[in-house]
Amino acid sequence: MDDTLEDGDCLTAATLLENRDLRNSLIQKDQKLGKLAEQIQAKEDIEKDLKDTKKKLDVAQSEIEQLEGAQKSLAAACNTLQMEYKASQANEQVCVMFHTTSLVH
């Protein structure tokens, strides 16, 4: 048998090398696509988390506003009670003075 390569053998060898290079290139591209898919999924997960967090913040802000309104109402009620208490003390003093004056006469 002759050890020399014929034209067909060289063409077959070149085709095999080209196919190997293409396969390796496809493997690398597939790996890159896999990494990109993971990054896209991570980005989507982060966006979902951000939306959920924003909703929670909106609810918390609404609750804060309600609490602030309740705090103002309580402050107004406290002021009213203080004024009523002072008025009742003043009335009590007038009554005591009137009663004391009535007893003296």
Side-chain angles (χ1 to χ4, degrees):
M1 225 191 223
D2 191 3
D3 287 341
T4 60
L5 293 174
E6 294 181 15
D7 286 341
D9 292 336
C10 286
L11 190 57
T12 302
T15 303
L16 288 174
L17 286 173
E18 187 177 319
N19 286 346
R20 186 193 69 190
D21 291 343
L22 287 172
R23 182 177 54 95
N24 289 340
S25 176
L26 285 173
I27 289 170
Q28 289 175 348
K29 288 179 181 180
D30 185 54
Q31 290 171 345
K32 286 180 183 179
L33 283 174
K35 289 178 184 177
L36 284 173
E38 289 174 4
Q39 290 173 345
I40 289 169
Q41 185 61 49
K43 180 183 177 261
E44 289 173 354
D45 291 345
I46 290 169
E47 287 174 347
K48 183 184 178 299
D49 289 346
L50 284 173
K51 285 180 185 177
D52 291 345
T53 302
K54 178 158 179 12
K55 286 179 185 176
K56 289 176 184 177
L57 285 173
D58 289 343
V59 168
Q61 181 63 37
S62 175
E63 290 174 354
I64 288 170
E65 290 170 3
Q66 289 175 355
L67 289 172
E68 286 173 344
Q71 182 182 20
K72 287 178 184 177
S73 295
L74 283 172
C78 283
N79 287 338
T80 302
L81 285 173
Q82 283 178 337
M83 289 177 11
E84 288 177 2
Y85 177 74
K86 287 178 183 177
S88 71
Q89 280 187 324
N91 283 338
E92 186 177 312
Q93 286 177 350
V94 168
C95 289
V96 168
M97 288 174 56
F98 179 74
H99 183 69
T100 306
T101 307
S102 296
L103 290 174
V104 172
H105 287 284

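Side-chain contact, Q41 with D45: a donor N or O sits under 3.5 Å from an acceptor N or O.
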Stepwise, does the salt bridge (charged side-chain N to carboxylate O under 4.0 Å, His left out) test hold for K56 with D52? CA-CA 6 Å; K56 289 176 184 177; D52 291 345; over 6 Å; no
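A salt bridge links E47 with K43: the distance from a Lys NZ or Arg NE/NH1/NH2 to an Asp or Glu carboxylate oxygen falls below 4.0 Å. A salt bridge links D58 with K54; the closest basic N to acidic carboxylate O contact falls under 4.0 Å.
T53 contributes a side-chain N or O that, together with a main-chain N or O of D49, makes up a donor-acceptor pair within less than 3.5 Å.
With rounding to the nearest 0.5 Å, the separation of CG in N19 from CG in N24 is 11.0 Å. Remark: D21 CG to L26 CG distance equals 11.0 Å, nearest 0.5 Å. Distance check: D30 CG to R23 CZ gives 13.0 Å after rounding to the nearest 0.5 Å.
The closest side-chain heavy-atom distance from L57 to Q61 is not below 4.5 Å.
Crowding of Q71 atom CD: a count of heavy atoms from other residues, nucleotides or ligands under 6.0 Å not exceeding 12.
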